[in-house]
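Heavy atoms only: backbone and side chains are in, while hydrogens, waters and symmetry mates are out. Chain naming here is simple, since letters A, B, ... match the order of the sequence lines and numbering starts at 1 in each.
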2 protein chains.
Amino acid sequence: MVTIADVAQAAGVSISTVSYVMSGKRTISQDTKERVERAIDALEYRPHASARSLASRSTNVIGLQAPLRSGVDVHVVMEIVAGIVREARMHQYDILLLTSDDAEGLHRATRASMVDALLLMDVESDDPRIATLRELATPSVLVGLPRGAEELTCVDFDFEAAGRMAAERLIALGHRRVALLGSPREVIDRHTSYAERLSRGFLAACAEHDVPATVHQCPTTHESVRVLNAVLAEHPDVTGLFIHNEGALAHIAARAATIDGLEAIALCPSDIARTVPTLVDSIDLPAEGLGSAATQAIIALLAGESTPKVRLLPAVLASSRGASEPERAEVAGR
Amino acid sequence: MVTIADVAQAAGVSISTVSYVMSGKRTISQDTKERVERAIDALEYRPHASARSLASRSTNVIGLQAPLRSGVDVHVVMEIVAGIVREARMHQYDILLLTSDDAEGLHRATRASMVDALLLMDVESDDPRIATLRELATPSVLVGLPRGAEELTCVDFDFEAAGRMAAERLIALGHRRVALLGSPREVIDRHTSYAERLSRGFLAACAEHDVPATVHQCPTTHESVRVLNAVLAEHPDVTGLFIHNEGALAHIAARAATIDGLEAIALCPSDIARTVPTLVDSIDLPAEGLGSAATQAIIALLAGESTPKVRLLPAVLASSRGASEPERAEVAGR
DNA sequence: TCTCGTTGTTGAAGCGCTTCGACAATCGCG
DNA sequence: CGCGATTGTCGAAGCGCTTCAACAACGAGA
């Protein structure tokens, strides 16, 4: 294995000089710098991560708890993780995958100094991990917006604005009775906050326009079609649908397309929307961007920069009907 | 931070004694051992991962390259990763998530001594990473079975046996013309080996029974229904379908259920099969088990135990039609 | 009784890196 | 021309752990 001592010898300088060339924490003459860099390249030297972390007291690793099989929106989770990894690498950080959902994993990683910071996905309202996070005092960011996490940094998509936007779009299209076909029961039961925020925004906007609206839970399978049928049976005047359910989207959209006068818009990643041509519009769920944003927040935190406690990515309407330019919802904060 | 010195002091022993209590590499009296263990618990001591790895020259970390958005079988990928993480933790290993698909990431992680071993998913036939792996000489395991990786350890599901099993089951059900609706074009084009192995087994078994069979690529969307329609238009006598396509499964199964005499079986994780009630049978794709098996192989490698070069998990028929006990395909090796 | 092998414990030497304090060389200014 | 400030480089002290060699204490065999 090539060590810093080998590089120093090859370049004819001391070990500390090599270190300072790499970190830039001390001024080094151009000549020396070049000699050292050449030696590094020639030897393909990579500093030993553990040695560096032991001496510098930081690991350049971020611990991530991702829901690996919560059964919901696997696609979205994947993209978020992809965004996290990509952004982390851009800032010289690596991602350590912690077993999901147990506070013990957070403890372990932190106490053993394996990570500089923690990133948590899929956080529930009364998640025990929030208490652990507080106690550990490790820089951390939540992807999500649980209640009772006021002092923690949260990054999420602005589901409430997305709900409003969907309602307003359907109303602008002329619909006078609308329905939201949303997450499956499990998600609601787990008190994942996004479902609630989405329907709150949706219902609020409908109420403001005096348009009657209902919200329905949907299984993530073809069974969702039954829900749609039931909704239409009960409210035959529903003509506008807003779908937020990865697994059900295709089924519902396909069924809806067979019914005259019915129009559907959806909240989903844009590449998914593209596979469902019968949608009138879609609101983009920027999953990868969400991952990037969360990582950016963590990195700002680690750099000691001030970061807003809550950052919500704006909802953007990706109109398929030749809209001129995408509408943007406001960025919210608290 | 609590260090080993704190524990030693609290227990009234030397630092090395504490270390030996933890590693068990030296005999320690019962009395001393208990005192040290009490001190460890009381102080909630966790050895500093970097210090340990610097001194012991091993990290207890496995690097993982997982395809985070290849567009295929997100669900399966997720479950495999879940299996990997779970199994790794059982053996005191952690998982470092490397950016997918670049050989550079493998280099980095290895040269910087960040990982003890590498786990690669989604390996293509002429993957540049295979050369890198050879050059690095780091213990590694592939999830998949690429050609030209003879000296590397591979773990995969026995797709060929699954193909045979599906064919034989359809034939046993009385079908005299069958079709395999398989992976989307991209997967085939990337030379991912599993699609090929599956259809090889399927066609071979059909040929042995003199049952005509065809194989078709399927998009992962509702468009797959068109493929089904086209197949039926061309071969009206097809009555047995074998589906292997996560995204298309529900669509095809739903459409197939509307056609008299048509029966479908699928290859997919069992929890997915459960959401598609119109399937006659399904062959379980043990995604999580695949992850566990791959991790077990890595750990055996790290322990210096001998491991078979190739391990294929057997195909198991999960009959929905009151079968007595699940059939098993043979384990293959090379 | 003496010596030898066990058993249990310890001190100290690293592992490869960062960083502090020191120091020589050079520069700018009165 | 002399003095302090600046610039560039280095030696050495750790970071927290593992592990080797050494050693004290003790029982067993001669």
Side-chain angles (χ1 to χ4, degrees), chain A residues 1-37 39-40 43-61 92 94 108-116 302, chain B residues 1-40 43-61 92 94 108-116:
Chain A
M1 122 162 269
V2 181
T3 73
I4 196 173
D6 300 326
V7 175
Q9 192 173 19
V13 298
S14 75
I15 287 179
S16 40
T17 301
V18 176
S19 177
Y20 285 125
V21 166
M22 295 193 305
S23 69
K25 291 189 178 173
R26 218 95 145 173
T27 46
I28 298 285
S29 70
Q30 189 58 30
D31 174 58
T32 310
K33 192 186 283 184
E34 278 169 13
R35 251 182 317 137
V36 169
E37 279 164 356
I40 288 177
L43 299 174
E44 292 197 45
Y45 166 67
R46 305 288 165 110
H48 190 292
S50 301
R52 189 201 276 262
S53 118
L54 180 58
S56 69
R57 331 189 112 260
S58 81
T59 60
N60 270 40
V61 171
Q92 322 296 347
D94 277 285
R108 251 191 69 247
T110 313
R111 304 297 297 274
S113 303
M114 309 180 76
V115 300
D116 292 343
L302 285 170
Chain B
M1 121 161 268
V2 182
T3 74
I4 197 172
D6 299 326
V7 175
Q9 193 174 17
V13 296
S14 75
I15 285 179
S16 39
T17 301
V18 175
S19 178
Y20 285 126
V21 166
M22 294 194 307
S23 69
K25 290 188 179 172
R26 217 95 146 172
T27 46
I28 298 284
S29 70
Q30 190 57 29
D31 175 58
T32 310
K33 191 185 284 183
E34 278 169 14
R35 251 182 317 140
V36 170
E37 278 165 355
R38 266 199 301 276
I40 289 177
L43 299 174
E44 292 196 43
Y45 166 68
R46 306 287 165 109
H48 190 291
S50 300
R52 189 201 276 262
S53 117
L54 180 58
S56 69
R57 327 188 115 261
S58 83
T59 60
N60 271 41
V61 171
Q92 324 295 347
D94 277 285
R108 251 192 67 248
T110 313
R111 303 298 298 272
S113 302
M114 308 180 76
V115 301
D116 293 342

Enquirer: Side-chain N or O of B/Ser14 less than 4.0 angstrom from OP1 or OP2 on C/dT10?
Expert: yes
Enquirer: Atom CD1 of B/Ile28 to atom C1' of C/dT6: distance rounded to whole Å?
Expert: 14 Å
Enquirer: Using a cut-off of 4.0 Å on non-hydrogen atoms, how would the nucleic acid contact of B/Arg26 be classed: base, sugar-phosphate, or nothing?
Expert: base
Enquirer: Report the distance from atom CE of B/Met1 to atom CG of B/Leu43, rounding to the nearest 0.5 Å.
Expert: 12.0 Å
Enquirer: How many angstroms lie between atom OG of A/Ser19 and atom CZ of A/Arg52, to the nearest 0.5 angstrom?
Expert: 8.0 Å
Enquirer: Between B/Ile15 (CD1) and C/dT9 (P), how many Å, whole number?
Expert: 16 Å
Enquirer: Atom CG of A/Asp31 to atom P of C/dA25: distance rounded to whole Å?
Expert: 17 Å
Enquirer: Contact class for A/Ser29 (heavy atom, under 4.0 Å): base, sugar-phosphate, or nothing?
Expert: sugar-phosphate
Enquirer: How far does CZ of A/Arg108 sit from CD of B/Gln92, to the nearest 0.5 angstrom?
Expert: 7.5 Å
Enquirer: When we call it a touch if two heavy atoms are under 4.0 Å apart, what does B/Thr3 touch: a base, just sugar-phosphate, or nothing?
Expert: sugar-phosphate
Enquirer: Give me the atom names and distance for the closest heavy-atom approach of B/Ala8 to B/Val18.
Expert: CA-CG2, 3.6 Å
Enquirer: How do A/Tyr20 and A/Ala5 order along DNA chain C: which one's closest nucleotide is nearer the 5' end?
Expert: A/Ala5
Enquirer: Where does the chain B footprint on DNA chain D start and end, counting 5' to 3' with a 4.0 Å heavy-atom cut-off?
Expert: D/dG16 to D/dA22
Enquirer: For the side chain of A/Asp94 and the backbone of A/Val61, is there at least one donor-acceptor N/O pair under 3.5 Å apart?
Expert: no
Enquirer: To the nearest Å, how far apart are A/Arg57 CZ and C/dT19 C1'?
Expert: 12 Å
Enquirer: Hey, what do you get for CG (B/Asp31) to CZ (B/Arg35), rounding to the nearest 0.5 Å?
Expert: 5.0 Å
Enquirer: In this structure, how many angstroms lie between the P atom of C/dT7 and the CD atom of B/Gln30, rounded?
Expert: 16 Å
Enquirer: Nearest nucleotide by nearest heavy atom, which residue falls closer to the 5' end of DNA chain C, B/Leu54 or B/Arg35?
Expert: B/Arg35
Enquirer: On the nucleotide C/dG8, are OP1 or OP2 found under 4.0 Å from the side-chain N or O atoms that B/Thr27 carries?
Expert: yes
Enquirer: What contact category does A/Thr32 fall into here, base, sugar-phosphate, or nothing, at under 4.0 angstrom with non-hydrogen atoms?
Expert: sugar-phosphate
Enquirer: Work out which heavy atom in B/Ser113 is nearest to a heavy atom in A/Ser50; give both atom names and the distance.
Expert: O-OG, 4.4 Å
